Amino acid sequence: MKNLQLDGEKKRIFSGVQPTGNLHLGNYLGAIKNWVNLQNDIFSIFSIVDLHAITVPQEPLKLKSSTHEVAAAIIASGIDIDKSILFNQSLVKEHSELAWILNCVCRIGWLNRMTQFKEKAGKNKENATVGLYGYPVLMAADILLYKSTHVPVGDDQKQHIELARDIASSFNNMFTSDNEEDFFTLPKPQIIGEAKRVMSLRDGTKKMSKSDASDASRINLTDTKEEISNKIKKAKTDPHPLPSTLQELKDRPEAHNLLSIYSSLSDQTLEKVLKEFSGKGFSYFKPKLIDLAVETLNPISLEMRNLLKDTNQIDKVLKNGAQKAREIAEPVLKDIKNLVGFIN
Ligand code: TYM
């Protein structure tokens, strides 16, 4: 394990994913694929955020099995558990402790602006849990507990990371004096690649999401070759041939989405992919996309199934990861408690 304590100009990544059902192509292209690439250059900490998951009701046994599945998916996608840290959030109690302290820094007005709370709480806001409302503060605690400098996520998490920056900056103002170095560096969102927001296969204006009632709207990392192929075959399109410029994609959400997925899976820019398929119909493009998606995702789902045969081993990996995470978290929280004025 290298550079556990952060010094000087060192970078450190933190990111997380909720164990609420199967991971899908949006989670993979928007986050996990980037984690796999970044872990070689920047020391990285990845968490399966079960404390976040319970902000909406979860069935306890299902939460456990989803945590195993998500851990298996992350490892099968290429996260190296000897190089990076992987653990489930509730094993490191410092996340909850810091969240409380940051609850006392964050302002209600800041939380009232969070669009994801409005979407998730829907019309019945009064019935949403306090946890769902305070969710972004826990997320700020996740990031700041490790003094993380970079946070690779999909586009939908940008507002939450901006809030984490506001909380960090406010904490610095409250607890570090002018002649001292700021306690927290402000974490930067890393929203990378051509699939920053993967959209539903049934409606190109809606985000691909675990909570969509239609399974046909998303490709799950556990889908078989046949399921991947059928979902792409049935994916909504429009009647026009594929265009040659980004400008022409503007009012064609489904074409834009499928081409972005292709470009991210093939590690090419959207411009390059447009050149390749310009003037071609979806009947030409879709089989190529199916081949590429199956070629990328099938080895991941096979490896996932393999790892899930031994859930005790997955538990060991997560506990071991939590131990390493705590080696970083504990001293940071101690410093924070000191600054706040707690005897500890
Ligand atoms: P979650 O579990 O909803 O999603 C995990 C990651 O997948 C990305 N993502 C997408 N990217 C592109 N297109 C999509 N359709 C799509 N759907 C999801 C998300 O942006 C995310 O990067 N609050 C977070 C988890 C979290 C976290 C953190 C992230 C908790 N603490 C600290 C970063 C840092 C969430 O619910 O992600």
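Order of listing sets the numbers, starting from 1, for every ligand and every atom in it. Here the structure is a predicted model, which means the values were calculated and not measured. Numbers here are sequence positions counted from 1.
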Aromatic ring proximity, centroids under 6.0 angstrom, Phe184 and Phe171: yes

the protein heavy atom lying closest to atom 23 (N) of ligand 1 turns out to be Tyr135 OH, 2.6 Å

For atom 1 (P) of ligand 1, the closest protein heavy atom turns out to be Gln18 N, 4.2 Å

Write out the residue and atom name of the closest protein heavy atom to atom 20 (O) of ligand 1, then the distance separating them to 0.1 Å. Asp156 OD1, 2.4 Å

Quick one about Ser266 and Gln268 (side-chain donor to acceptor, distance below 3.5 Å, no hydrogens or angles considered), yes or no? yes

Please say whether Pro152 places an N or O atom under 3.5 Å from an N or O atom belonging to ligand 1. no

Could you check atom 7 (O) of ligand 1 against the protein and tell me its nearest heavy-atom contact, residue, atom and distance included? Asn27 ND2, 3.1 Å

Please list, in number order, the atoms of ligand 1 under 4.0 Å from a heavy atom of Phe14. 32 (C), 34 (C)

Just say parallel, tilted or perpendicular for the rings of Phe277 and Tyr262, cut-offs at 30° and 60°. perpendicular

Just to be sure I read this right, does ligand 1 sit under 4.0 Å from the backbone of Val153, its side chain, both, or neither, counting only heavy atoms? both

Between Phe117 and Leu132, is the side-chain contact (heavy atoms from CB on, under 4.5 Å) condition met? List the steps. CA-CA 7 Å; Phe117 174 74; Leu132 188 67; 3.9 Å; yes

Is any N or O atom of Gly154, backbone or side chain, closer than 3.5 Å to an N or O atom of ligand 1? yes

Which of Arg197, Lys207, Lys120 passes salt bridge (Lys or Arg N to Asp or Glu O under 4.0 Å) with Asp156? It is Lys207

State the atoms of ligand 1, each with its element, that fall below the 4.0 Å cut-off from a heavy-atom position in Ala31. 6 (C), 7 (O), 22 (O)

Considering heavy atoms of the protein only, find what lies nearest to atom 25 (C) of ligand 1 and give residue, atom and distance to 0.1 Å. Gly16 O, 3.6 Å

For Lys207, the atoms of ligand 1 under 4.0 Å from one of its heavy atoms are 15 (N)

For ligand 1, does Ile143 get within less than 4.0 Å through its side chain, its backbone, both, or neither, judged by non-hydrogen atoms? side chain

Closest candidate by heavy atom, reference atom 21 (C) of ligand 1, pool His160, Gln157, Lys206: Gln157

Less than 3.5 Å apart, any donor N or O on the side chain of Asp203 or Thr205 sitting next to an acceptor on the other? yes

Can you find a side-chain donor-acceptor pair between Asn220 and Asp215 that sits under 3.5 Å? yes

If you measure from each non-hydrogen atom of Val17 to ligand 1, which part falls under 4.0 Å: side chain, backbone, both or neither? both

Between Lys316 and Asp310 (salt bridge meaning N to carboxylate O under 4.0 Å), is one present in this structure? no

Could you tell me which atoms of ligand 1, counted from 1 in the order shown, lie closer than 4.0 angstrom to a heavy atom of His52? 30 (C), 31 (N)

Provide, to 0.1 Å, the distance between atom 13 (N) of ligand 1 and the closest protein heavy atom, together with that atom's residue and name. Val198 N, 2.8 Å

Suppose we measure from atom 31 (N) of ligand 1 to each protein heavy atom; which comes out shortest, and what is that distance? Asp142 OD2, 2.7 Å

Can Tyr133 be reached from Trp100 by stepping across I, L, V, M, F, W or Y side chains whose heavy atoms are under 4.5 Å apart? no

Could you list the atoms of ligand 1 found under 4.0 angstrom from a heavy atom of Gly30? 11 (N), 12 (C)

Any Lys210 heavy atom less than 4.0 Å from ligand 1: yes

Measuring from the heavy atoms of Lys196, does anything fall under 4.0 Å of ligand 1? yes

NZ (Lys188) and NE2 (His150) are apart, to the nearest 0.5 Å, by 5.0 Å

Indicate whether any N or O donor in one side chain lies under 3.5 Å from an N or O acceptor in the other, for Gln190 and Asn34. no

Does the side chain of Ser229 come under 3.5 Å of the side chain of Lys225 through a donor N or O and an acceptor N or O? no

Are the ring centres of Phe282 and His240 closer than 6.0 Å? no

Distance from atom 34 (C) of ligand 1 to nearest protein heavy atom, with residue and atom: Val151 CG1, 3.6 Å

With a 4.0 Å cut-off on heavy atoms, is His24 touching ligand 1? yes

